[in-house]
A.B. asks: 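Sending over a structure as structure tokens; questions will come in a sec.
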Amino acid sequence: GTLGINMASPLQQNQRGKGTQHLMLFLFKFSFLASCCVATSGESLTCSANHDHDGFEKDPALKEMTFDIGYGEETFEAYVQPDVSSFYHEEVGSIKEVKPHFVALAGKFVNMSPHPLRLYWDPDNGGTSAIIAYSNPFEATGTATFPFHKFYFTTMEDNSEILARFTVTPPQSIYYYDPIEVPDDPVQTQRNLDALSKDELSKYEVLKRTKLFAEKYFEFTGRQYLANYPRKQPSHFMWRADYFGQQHWATTKETHFVELPSVEELQPIVSSPKERVLKEDQPRILQQYRTKDQNILNMTLKVLSCAPRAFEIPNFLSTIEVNHILKLSTGMDLSLSTTSGSDKMLEDEADTSGTRTSFNTWVYRQKSPIVDAIYRRAADLLQIDEALLRHRDNDEYPELRSKTSISEALQLVHYEDGQEYTAHHDFGYPKVDENQSARYLTLLLYLNEGMKGGETSFPRWVNGKTGKGLHVVPEVGKAVLFYSQLPDGNMDDLSQHAALPVTDGEKWLMNLWIWDPIYGK
């Protein structure tokens, strides 16, 4: 195979002010890359991420754009989606992109006022409006939507007091409510600005600048800019998806459990963060119950889609591990699943959308040693230090300013006959702050198979063959990885996906959501 690495020296790492912690991370990444590059005859292997500044090859789809939005000349490395022909290893322009049958887009609604607001969907047919979300001051909210759908903002106190109306008009995804700037009245505009606090004014300026940048970004890339400008490139590794069928290989010492440990051995983990660190030469936890005479598990990622970036990983879980997870659900309280980004007050008020009709519960990493091993294996697959997927001690990644895991708890989901999750995005819209934390990737883990329906669908995947969606059939133990962000830090609108209705039988799966740069909900 081929491996492109632009490694910075340890001295350069220290010159960048990253210190000993980043030198250790540098050595970890070098060791991981050396172990993950295993190619079979006839295959071309590229182990690469999107950060040359962290010692990885830069994604070739990042192109430098130069612009001026009133702050002087600026540059930005923007992701420009490659021509669809390259997804088939064909000459650029030789294959035409087929437009998807599913015509949808992200709808982002920006509240540029100092007051919290409600966002409603207007059915425009005399029916009852449905609340979509609450929007905090100087923040954005939204939903997956369709052309010509209508929405409006109201005050929190009176939902009949409509402040702004919006009609979704492609390709525009972003809609602004700005009561501060008064057209043709600079005096009143200045009064409104003077009434803002220093923090409010700072956030307002970021949103104004983002609006101007988004226009330049669309001209350069043909995409809507769904983050806040400027947002940094993802800080975590991203697997490349250059062409359909491309394969990557990763290794892990977290081999499969093939025998079930005793009940006593499967008790919840209570060790401190430091005690949970495993050195390279140490055996894994409960090694005696894992695959015999095997210290390394090879994991193969196969590209299913290049835009969005989606991969399948067969045999990620063993049958013993799957059965253990399903047994954990016994006695758990499975409640009606909630949609991404919702909160309890909104759920109580808007439990009639029908967007998601499944049931779910949460499985935390410390629940058992098998669950802990699944997290560690996932960390190796994603090329993220396992310490980032748990609570950390003060000297572990002190630069992150957070000791919280960058992953959410595993969401265990059950779909019965007729249940589904309509097309949606897993990401939310980042707050106006230094981190702009948002969901970065989703790892789906299938726990059963043989049902009719229940496929995971990517209805807007880019290809040159069909307008139908890409449907992934559940198989026991298989994982599916897809990214909600692009290499330039923007949210990926094409990552919209659905759990198709189960028409016969039932479906069990788990979701693992990883945030970038930190968990910031």
Side-chain angles (χ1 to χ4, degrees), residues 28 31-32 35-36 237 249-301 313-330 332 361-392 396 405-412 441-448 476-481 508-514:
F28 166 79
S31 172
F32 183 91
S35 68
C36 81
F237 181 85
W249 286 266
T251 62
T252 179
K253 288 199 168 185
E254 295 296 335
T255 54
H256 287 138
F257 279 84
V258 293
E259 296 179 37
L260 188 66
S262 67
V263 174
E264 292 74 19
E265 291 169 310
L266 290 176
Q267 293 303 303
I269 297 171
V270 295
S271 306
S272 68
K274 275 285 180 61
E275 293 173 331
R276 294 172 68 176
V277 175
L278 293 176
K279 296 180 180 179
E280 191 68 16
D281 57 352
Q282 282 184 292
R284 302 299 96 173
I285 298 172
L286 299 177
Q287 185 73 52
Q288 67 272 29
Y289 296 102
R290 305 189 188 213
T291 306
K292 308 302 181 187
D293 302 320
Q294 180 183 344
N295 295 322
I296 295 292
L297 174 65
N298 291 311
M299 299 176 287
T300 303
L301 300 92
I313 306 94
N315 302 314
F316 182 80
L317 298 175
S318 71
T319 302
I320 290 292
E321 292 160 354
V322 167
N323 291 339
H324 174 68
I325 293 294
L326 292 175
K327 187 173 182 179
L328 286 179
S329 70
T330 303
M332 286 185 174
T361 191
W362 303 92
V363 181
Y364 292 88
R365 177 173 172 175
Q366 63 270 25
K367 181 69 175 178
S368 78
I370 291 181
V371 176
D372 179 72
I374 292 171
Y375 270 87
R376 292 175 186 269
R377 189 181 304 150
D380 287 339
L381 175 76
L382 304 172
Q383 202 175 335
I384 295 175
D385 189 345
E386 65 84 23
L388 293 173
L389 306 188
R390 58 168 170 77
H391 185 80
R392 297 176 296 281
E396 295 181 291
S405 170
I406 65 169
S407 72
E408 300 179 42
L410 282 164
Q411 185 190 45
L412 178 62
L441 64 84
T442 299
L443 188 65
L444 301 176
L445 307 176
Y446 296 118
L447 304 179
N448 73 321
V476 174
K478 181 167 76 175
V480 169
L481 163 67
W508 288 89
L509 82 158
M510 290 193 298
N511 296 305
L512 180 63
W513 287 302
I514 305 291

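Computed from a predicted structure; not experimentally measured.
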A.B. asks: Are the side chain of His256 and the backbone of Asn315 linked by a donor-acceptor contact shorter than 3.5 Å?
C.D. replies: yes

A.B. asks: Between CG of Leu286 and CZ of Phe257, what distance do you get to the nearest 0.5 Å?
C.D. replies: 5.0 Å

A.B. asks: Looking at Leu509 and Leu447, what are the two nearest heavy atoms and their distance?
C.D. replies: CA-CG, 3.9 Å

A.B. asks: Who pairs with Arg276 by side-chain hydrogen bond (donor to acceptor under 3.5 Å, both in side chains), at least two apart in sequence or on another chain?
C.D. replies: Asp372

A.B. asks: Of all heavy-atom pairs between Leu381 and Phe316, which one has the smallest distance, and what is that distance?
C.D. replies: CD2-CE1, 4.0 Å

A.B. asks: For Glu265, what residues pass the salt bridge (Lys or Arg N to Asp or Glu O under 4.0 Å) criterion, not counting sequence neighbours?
C.D. replies: none

A.B. asks: For the atom pair CG (Leu443) and CG (Leu410), what is the distance rounded to the nearest 0.5 Å?
C.D. replies: 8.5 Å

A.B. asks: Walk me through whether Thr255 and Gln287 qualify under side chain to side chain contact (heavy atoms under 4.5 Å, CB included).
C.D. replies: CA-CA 8 Å; Thr255 54; Gln287 185 73 52; 3.7 Å; yes

A.B. asks: Could you walk me through whether Glu259 and Ile320 pass the side chain to side chain contact (heavy atoms under 4.5 Å, CB included) check?
C.D. replies: CA-CA 7 Å; Glu259 296 179 37; Ile320 290 292; 5.8 Å; no

A.B. asks: Can you find a pair of side-chain heavy atoms, one from Arg376 and one from Thr252, that are under 4.5 Å apart?
C.D. replies: no

A.B. asks: Nearest 0.5 angstrom please: Leu444 CG to Met510 CE, how far?
C.D. replies: 10.5 Å

A.B. asks: Please find the pair of heavy atoms, one from Val480 and one from Tyr446, that lie closest to each other, and give the distance.
C.D. replies: CG2-CE1, 3.7 Å

A.B. asks: Residues in salt bridge (Lys or Arg N to Asp or Glu O under 4.0 Å) with Arg377, at least two apart?
C.D. replies: Glu321

A.B. asks: Any chance you could lay out the salt bridge (Lys or Arg N to Asp or Glu O under 4.0 Å) test for Arg290 and Glu254, step after step, and finish with the verdict?
C.D. replies: CA-CA 9 Å; Arg290 305 189 188 213; Glu254 295 296 335; 2.8 Å; yes

A.B. asks: Is there side-chain contact between Leu266 and His324, with at least one heavy-atom pair below 4.5 Å?
C.D. replies: yes

A.B. asks: Any side-chain heavy atom of Ile406 within less than 4.5 Å of one from Ile384?
C.D. replies: yes

A.B. asks: Locate the shortest heavy-atom distance separating Arg390 from Pro273; write the atom from each residue and the value.
C.D. replies: NH1-CB, 3.5 Å

A.B. asks: Show, in sequence, the C-alpha distance, side-chain angles and deciding distance for Leu382 and Phe237, and conclude whether the side chain to side chain contact (heavy atoms under 4.5 Å, CB included) test is met.
C.D. replies: CA-CA 7 Å; Leu382 304 172; Phe237 181 85; over 6 Å; no

A.B. asks: Between Lys253 and Ile296, which heavy-atom pair has the shortest distance, and what is it?
C.D. replies: CG-CD1, 3.7 Å

A.B. asks: Between Leu388 and Ile514, does a side chain to side chain contact (heavy atoms under 4.5 Å, CB included) hold up when you go through it step by step?
C.D. replies: CA-CA 10 Å; Leu388 293 173; Ile514 305 291; over 6 Å; no

A.B. asks: Say you draw a straight line from CG of Asn511 to CD of Glu408; how long is it, rounded to the nearest 0.5 Å?
C.D. replies: 9.5 Å

A.B. asks: Closest heavy-atom contact between Asp385 and Ala379?
C.D. replies: C-CB, 4.3 Å

A.B. asks: Taking atom CG of Asn323 and atom CG of Leu260, what is their separation to the nearest 0.5 Å?
C.D. replies: 8.5 Å

A.B. asks: Give a yes or no on whether the backbone of Leu389 and the side-chain of Arg365 come within a donor-acceptor separation of less than 3.5 Å.
C.D. replies: yes

A.B. asks: Is there side-chain contact between Leu328 and Val371, with at least one heavy-atom pair below 4.5 Å?
C.D. replies: yes

A.B. asks: Contact between Ile370 and Tyr289 at the side-chain level, heavy atoms closer than 4.5 Å - yes or no?
C.D. replies: no

A.B. asks: Can you measure from OG (Ser368) to CD1 (Ile325) and round to the nearest 0.5 angstrom?
C.D. replies: 6.5 Å

